[in-house]
Amino acid sequence: MTAPQATGRPETRQDGEWIVFTRHFGAPVEDVWAAVTDPERLGRWIGTWTGDPASGSVTFRMTAEDGMPEEEHHIEACEPPRLLRTRARSEGLDGQDHDWRVEFRLTEDDGGTTLHFGQVLPEPEWAHNIGPGWDYYLDRLVAAETGGDVAAIDFERDYYPALVPAYEERFPAAPRQP
């Protein structure tokens, strides 16, 4: 296995600063959509959800990390098989509650499907912690969908803190006012 790379990049949108990642799959868009929305397939790489999406929210639990609490995710947009955007409210790196918005956007081409995954950053320097985490999870997704060994992907050995310097370079911290 090659060493994991920092793949998140900054993107400024009307609604804030985002960290965005891409992964390409040699599969049709419907298959990749299922990999990021079906609870059983999600369970192979990140977690699972319960509830009725038609109600506008689901309860999501990350199962790849011990002790993660369930979170209610409000569905802001769902346009199968191209777009899913959710929002959850939970504690940020500063100890305060924040809205955590994530987006899965899928585009299909002759060679398969490209996943564009993004998360809004309440503070740009939080990418230093968030970036390695999403590289880890998205690499687990790739492994799960291509027959790789998901269990061989090790966060502490290969992602954090190893990828932090690359994210510090891409997302410089704003200077603090005295």
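Position 1 is the first residue of the sequence; numbering continues from there.
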The complete set of salt bridge (Lys or Arg N to Asp or Glu O under 4.0 Å) pairs with one or both residues in residues 32-41, sequence neighbours excluded, reads Asp31-Arg41, Arg41-Glu145
Any donor-acceptor pair under 3.5 Å linking the side chain of Arg87 with the backbone of Glu76?
no
Residue pair Tyr136 / Ala64: nearest heavy atoms and the distance that separates them
OH-O, 4.3 Å
With under 30° as parallel and over 60° as perpendicular, where do the rings of Trp100 and His98 fit, or are they tilted in between?
perpendicular
For the pair Phe117 and Trp134, name the ring-plane relationship: parallel under 30°, tilted 30 to 60°, perpendicular over 60°.
tilted
Chi angles and distances behind the side chain to side chain contact (heavy atoms under 4.5 Å, CB included) call for Tyr159, Ile153
CA-CA 9 Å; Tyr159 292 84; Ile153 298 172; 3.6 Å; yes
Report yes if the side chains of Arg82 and Val29 come closer than 4.5 Å at any heavy-atom pair, otherwise no.
yes
For the residue pair Trp45 and Tyr137, categorise the inter-ring angle as parallel (less than 30°), tilted (30 to 60°) or perpendicular (more than 60°).
perpendicular
Do you know which two heavy atoms are closest between Leu42 and Trp49, and how far apart they sit?
CD1-CD1, 3.4 Å
Once rounded to the nearest 0.5 Å, what's the spacing between atom CG of Leu138 and atom CG of Leu115?
6.5 Å
Atom pair CG (Leu93) and CD (Glu123), whose distance is rounded to the nearest 0.5 Å
9.5 Å
Do Thr113 side-chain atoms and Phe25 backbone N/O form a donor-acceptor pair below 3.5 Å?
no
Considering all heavy atoms of both residues, which atom of Leu163 and which atom of Pro4 are nearest to each other, and what is their separation?
CD2-O, 3.6 Å
Does Met68 have any side-chain contact (heavy atoms from CB on, under 4.5 Å) partners at least two apart in sequence or in another chain, and if so, which?
Met62, Glu65
With side chains defined as the heavy atoms from C-beta onward, is the minimum distance between Asp109 and Thr114 less than 4.5 Å?
yes
Are any non-hydrogen side-chain atoms of Phe171 and Leu121 less than 4.5 angstrom apart?
yes
Is the backbone of Arg89 close enough, under 3.5 Å, to the side chain of His74 for a donor and an acceptor to pair up by distance?
no
If we ignore angles and hydrogens, is there a donor and acceptor under 3.5 Å between the side chains of Arg23 and Thr7?
yes
Nearest-0.5 Å distance, CG of residue Asp99 to CG of residue Asp15
11.0 Å
Side chain to side chain contact (heavy atoms under 4.5 Å, CB included), that's the test. Do Trp126 and Ile19 meet it? Break it down for me.
CA-CA 10 Å; Trp126 289 9; Ile19 184 169; over 6 Å; no
Closest non-hydrogen contact found for Ala152 with Arg157 is O-NH2, 3.1 Å
Examine distances only and state if a side-chain atom of His24 and a backbone atom of Gly111 form a donor-acceptor pair shorter than 3.5 Å.
yes
Quick check: do Ile75 and Leu84 have side-chain heavy atoms less than 4.5 Å from each other?
yes
Between Glu72 and Thr59, do the side chains contain a donor N or O and an acceptor N or O under 3.5 Å apart?
no
Measure the spacing between CZ of Arg9 and CH2 of Trp18 and express it to the nearest 0.5 Å.
12.0 Å
Quick one: do Arg101 and Glu103 make a salt bridge, cutoff under 4.0 Å?
no
Is there a side chain to side chain contact (heavy atoms under 4.5 Å, CB included) between Ile46 and Phe60 once you walk through the steps?
CA-CA 10 Å; Ile46 189 169; Phe60 179 74; 4.2 Å; yes
Looking at every non-hydrogen atom in both residues, tell me the closest pair between Arg170 and Pro10 and how far apart they are.
O-CG, 3.8 Å
Ignoring hydrogens and geometry beyond distance, is a side-chain donor-acceptor pair present between His116 and Thr22 at under 3.5 Å?
no
Would you check, one step at a time, whether the test side chain to side chain contact (heavy atoms under 4.5 Å, CB included) holds for Ile130 with Tyr167?
CA-CA 9 Å; Ile130 292 169; Tyr167 281 104; over 6 Å; no
Backbone of Val20 reached by a side-chain donor or acceptor of Glu11 within 3.5 Å:
no
